[in-house]
Amino acid sequence: DGGITQSPKYLFRKEGQNVTLSCEQNLNHDAMYWYRQDPGQGLRLIYYSQIVNDFQKGDIAEGYSVSREKKESFPLTVTSAQKNPTAFYLCASSERDLYGYTFGSGTRLTVV
Amino acid sequence: RKEVEQDPGPFNVPEGATVAFNCTYSNSASQSFFWYRQDCRKEPKLLMSVYSSGNEDGRFTAQLNRASQYISLLIRDSKLSDSATYLCVVNTLKRGAQKLVFGQGTRLTINP
């Protein structure tokens, strides 16, 4: 079945550590996105990529980095520079921007 | 002004009731509109796209008013399983690329 897989589902990080969240899709979608959701809040765009080897900053890119070396994969690194990284991270993909997105099941990151 | 605004609720209604959500958006050039449903601690899932002529899917009806920049979702004969957060989503132009912007969501609880 086609879909988006995010891993891990839960992640605990010590302060000062970098962590990488995985996002893989087999939908043959060109565009991929990373969002962050805090309790009681909407989704905020971190980074997006519309094509392999190209990506753009979203609204809250500081403290995050991404790569898009393959169409299927769009990993997100949460660096130690991110001041408040505890959140629910959602990866999504779409055929084109004007279409709805398909989301992965998310990674819940907690800094301990 | 937020790009997409929703009444966060919560809405508590009895089973079988009709409930309506509204959403306003600020970018008059927006072209695509969606309603997503998000269950607690899960990823958002596309409920329905919203078309200018209005559209219906079973008990759900979505309307778009471009002049007022307003989108609505009506749920008839509500079921316990309709309890969720409903996200209004609008595409918007940012840095030369179309992006989806999410409202903060309206929480709905259907009571037996």
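What you are looking at is a predicted structure, and each value in this text was computed from that prediction instead of being measured. Letters go in sequence order (proteins before strands), and every chain restarts at 1.
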May I ask you to decide if the ring planes of A/W34 and A/F74 are parallel, tilted or perpendicular, using 30° and 60° as cut-offs?
tilted
Below 30° counts as parallel, above 60° as perpendicular, anything between as tilted: where do the rings of B/F11 and B/F21 land?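 Judged by the thresholds at 30° and 60°, the geometry between B/F11 and B/F21 is perpendicular.
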Non-hydrogen atoms of chain B under 4.5 Å away: do they reach the side chain of [X], the backbone, both or neither?
| X | result |
| --- | --- |
| A/Q37 | side chain |
| A/F88 | side chain |
| A/L43 | both |

Any donor-acceptor N or O pair under 3.5 Å, side chains A/Q25, A/K71:
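Absent: no donor and acceptor within the cut-off.
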request  = Taking atom types as modelled, find out whether A/S49 and A/Y33 have a side-chain donor-acceptor pair closer than 3.5 angstrom.
outcome  =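 Note: A/S49 and A/Y33 side chains miss the donor-acceptor criterion.
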Side-chain heavy-atom pair [X], [Y] within 4.5 angstrom cut-off:
| X | Y | result |
| --- | --- | --- |
| B/R76 | B/E56 | yes |
| B/L108 | B/I75 | yes |
| B/F34 | B/V50 | no |

Test side-chain contact (heavy atoms from CB on, under 4.5 Å) on B/T18 and B/D77; report intermediate values, then the result. CA-CA 6 Å; B/T18 295; B/D77 186 25; over 6 Å; no
Spell out the residues in residues 104-112 of chain A that have some non-hydrogen atom less than 4.5 Å away from a non-hydrogen atom of chain B, in order of number; otherwise answer 'none'.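 From residues 104-112 of chain A, the residues near chain B are A/G104, A/S105, A/R108.
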Does A/P75 offer a backbone N or O that forms a donor-acceptor pair with the side chain of A/R68 under 3.5 Å?
no
The interface call for B/Q38 against chain A, heavy-atom contacts under 4.5 Å, is side chain
What parts of residues 39-47 of chain B touch chain A if we use heavy atoms and a cut-off under 4.5 Å?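 Result: B/R41, B/K42, B/E43, B/P44.
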* Asked: Within a reach of under 6.0 Å around CD of A/E62, are more than 12 heavy atoms found that belong to other residues, nucleotides or ligands?
  -> no
| said: Quick check on the 6.0 Å ring-centre criterion: do B/F102 and A/Y35 meet it? | reply: yes
